[in-house]
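Worksheet: one structure, shown below.
Because the structure is predicted, anything quoted here is derived from the model rather than measured.
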Amino acid sequence: MKRKWMAVMVSGALITGASGTYVGMKWFEAEDVQINDQSKDEHFLESTNSKGQSLPDLAKIAQAYNLIKGSYVEEVDDQQLVEGAIQGMVSTLDDPYSIYMDAKTASKFNQTLESSFEGIGAEVTAKDGKILIVSPYKNSPAEKSGLKPKDEIIKIDGESIEGLDLYQATTKIRGKKGTTVTLDIKREGVSKALQFKVKRDEIPMETVFASIKYEGNKPIGYIEITQFSKDTAKDFKRELKKLEKQNMKGLIIDVRGNPGGLLLSVQEILDTLVTSQKPYYQIQQRDGEKLPYYSNLEKSKPYSIAVLVDEGSASASEILAGALKEAEGYTLIGEKTFGKGTVQDAVPMGDGSTIKLTMYKWLTPNGNWIHHKGIQPTIEMKQPDYFYIHPLEVEQTLKPDMNNEQVKIVQKMLDGLGYSPGRSDGYYNQNTKTAVRAFQNQVSLPATGELDVKTAQRLEEEIISAIKDEKNDLQLQVALKYFQ
């Protein structure tokens, strides 16, 4: 059975990507998919009765309400008790993607998909009681400051976030363009916390970047999708037509660092790439019934497709990657994806508040549930080591015979740039001094062989430049050679 009818209801269910929220942040509310707001109570009664269920005995809740209202040592606001009861019910689900937002919180995140927004430009998630960065947006303040996937936020503006839920934390991170937020970060492989001062800015919603690249004389189409917003599918189709008119011999779709977005958007893209032979994904309801989604496409594209993925590819990006891999047999290149396989629906409560509730699982064409597992690439390829290097925090000049984490980072950076420090264990030996001196000579700094603040800044600038150079992007280079 081909299930196209359900698309309206769940478009927007995965609109928040891996986390359900964007720091910066943008919370993508489901569009035209919610309950006709005649009465939320009427809808709830209909849904429970239709499944043969009945409302539980609420006498205990009423008893607790009356007890607190009538006997607590201080006066308590009615609304506070109601909000707390709902928050409590949702929190017992132990699901970071199911969240209750009061009217004030919901209004902050209920922005449209059509405009830019202000913030730091990164997506976060809650996992195992931690607030983690899924992925910074391309060219965002978060990316430029050095924040990376899997960074754990432990403090915001000097205050611990212990006890805060995902939305409370992201509310503190959000703010007006031009203001600064300080994040203390715990990063795997670094012994002490890192601190980032990020200046908030306007984050544009341009999501599709296309170009022709060459492998020898062979033109290869390249489309990067940074997230799936309202206009992404339209922009993708327009750019794809332009590339096809240039007689491209293959297509690379890059969803590295793409945290997800609108389900409807990725669905419209898959309608143009996946034939009707297999579903491009499936929705599994709580009763176990699986609802497959098919396209009407009869013929595959006359060229092959490769998809670039990494640990920042999440949610809707994984739907696209899984569909192209399993339904069409296309190649995935890069690293294992994030692993989010649930679908949320944002249900307005009638007073401005919203419950965003996990209602379904999504499965790949072959019925695989990738939640917390991710999707393995066909060709596994990591980037050069310096792509994963932590930022330098040089507070005092690094000199020979020092042995610490910052020296270790410097050695990895120098090695990545071809200066061969001879070791990478954090001990500042003579070879490291020689490599530092060679670098200083190259960039016209005093050649002391000691790494001061100015040298550290230039070293980081050179590393960033090297990372942005496509020749050093091993994953992209492997994808281009795939079309030989």
Q | Option among Val274, Ile319, Thr331 that satisfies the side chain to side chain contact (heavy atoms under 4.5 Å, CB included) test with Leu324 | A | Val274
Looking only at atom types and distance, does a side-chain atom of [X] sit under 3.5 Å from a main-chain N or O of [Y], one as donor and one as acceptor?
{"X": "Ser276", "Y": "Glu298", "result": "no"}
{"X": "Lys186", "Y": "Ile154", "result": "no"}
{"X": "Thr337", "Y": "Ile375", "result": "yes"}
{"X": "Asp351", "Y": "Ala103", "result": "no"}
{"X": "Gln344", "Y": "Met359", "result": "no"}
{"X": "Asn258", "Y": "Ile225", "result": "yes"}
{"X": "Ser140", "Y": "Gly121", "result": "yes"}
{"X": "Glu318", "Y": "Gly339", "result": "yes"}
{"X": "Gln383", "Y": "Leu474", "result": "yes"}
{"X": "Ser265", "Y": "Phe228", "result": "no"}

Within 6.0 Å of [atom1] in [X], more than 12 heavy atoms from elsewhere:
{"X": "Gln63", "atom1": "CD", "answer": "no"}
{"X": "Asp94", "atom1": "CG", "answer": "no"}
{"X": "Lys172", "atom1": "NZ", "answer": "no"}
{"X": "Asp385", "atom1": "CG", "answer": "no"}
{"X": "Asn217", "atom1": "CG", "answer": "no"}
{"X": "Lys278", "atom1": "NZ", "answer": "yes"}
{"X": "Lys325", "atom1": "NZ", "answer": "yes"}

Q. Does any non-hydrogen side-chain atom of Lys301 lie less than 4.5 Å from one of Glu244?
A. yes
Q. Taking C-beta and beyond as the side chain, do Ile120 and Leu183 meet within less than 4.5 Å on heavy atoms?
A. yes
Which pair of non-hydrogen atoms, one from [X] and one from [Y], has the smallest distance, and what is that distance?
{"X": "Tyr330", "Y": "Ser300", "value": "OH-CB, 4.2 Å"}
{"X": "Ile370", "Y": "Gly341", "value": "CD1-N, 4.2 Å"}
{"X": "Ala306", "Y": "Ile333", "value": "CB-CD1, 4.2 Å"}
{"X": "Arg238", "Y": "Asp235", "value": "NH1-OD1, 3.0 Å"}
{"X": "Tyr482", "Y": "Ile305", "value": "CE2-O, 4.4 Å"}
{"X": "Ala142", "Y": "Ser145", "value": "O-OG, 2.9 Å"}

With the threshold set at 4.0 Å, does a side-chain nitrogen-carboxylate oxygen contact exist between [X] and [Y]?
{"X": "Arg256", "Y": "Asp473", "answer": "yes"}
{"X": "Lys242", "Y": "Glu239", "answer": "yes"}
{"X": "Lys249", "Y": "Glu215", "answer": "no"}

Polar contact flag, side-chain donor to acceptor under 3.5 angstrom, [X]-[Y]:
{"X": "Asp310", "Y": "Gln475", "value": "no"}
{"X": "Thr182", "Y": "Gln195", "value": "no"}
{"X": "Asp78", "Y": "Tyr65", "value": "yes"}
{"X": "Thr358", "Y": "Ser98", "value": "yes"}
{"X": "Tyr280", "Y": "Glu328", "value": "no"}

Donor-acceptor contacts under 3.5 Å from residues 79-90 side chains, at least two apart:
residue	atom	partner	partner atom	Å
Gln79	NE2	Glu83	OE2	2.7
Glu83	OE1	Tyr100	OH	2.4
Glu83	OE2	Tyr100	OH	3.1

Q) So Leu251 and Leu240, side-chain contact (heavy atoms from CB on, under 4.5 Å) or not? Walk me through it. A) CA-CA 9 Å; Leu251 174 65; Leu240 182 59; 3.8 Å; yes
Q) Going from CG on Asp271 to CG on Asn296, what distance comes out if it is rounded to the nearest 0.5 angstrom? A) 7.0 Å
**Q.** Distance, nearest 0.5 Å, that separates CD1 of Ile153 from CG of Leu164
**A.** 11.0 Å
Q. Is the charged tip of Lys382 near the ring of Tyr388: under 6.0 Å from the six-membered ring centre and within 45° of its axis?
A. yes
Q) Within 45 degrees of the axis of the six-membered ring of Tyr97 and under 6.0 Å from its centre: does Lys340 put its NZ or CZ there? A) yes
Q | Check against side-chain contact (heavy atoms from CB on, under 4.5 Å), Leu476 and Asp254 | A | CA-CA 9 Å; Leu476 175 60; Asp254 189 347; 6.0 Å; no
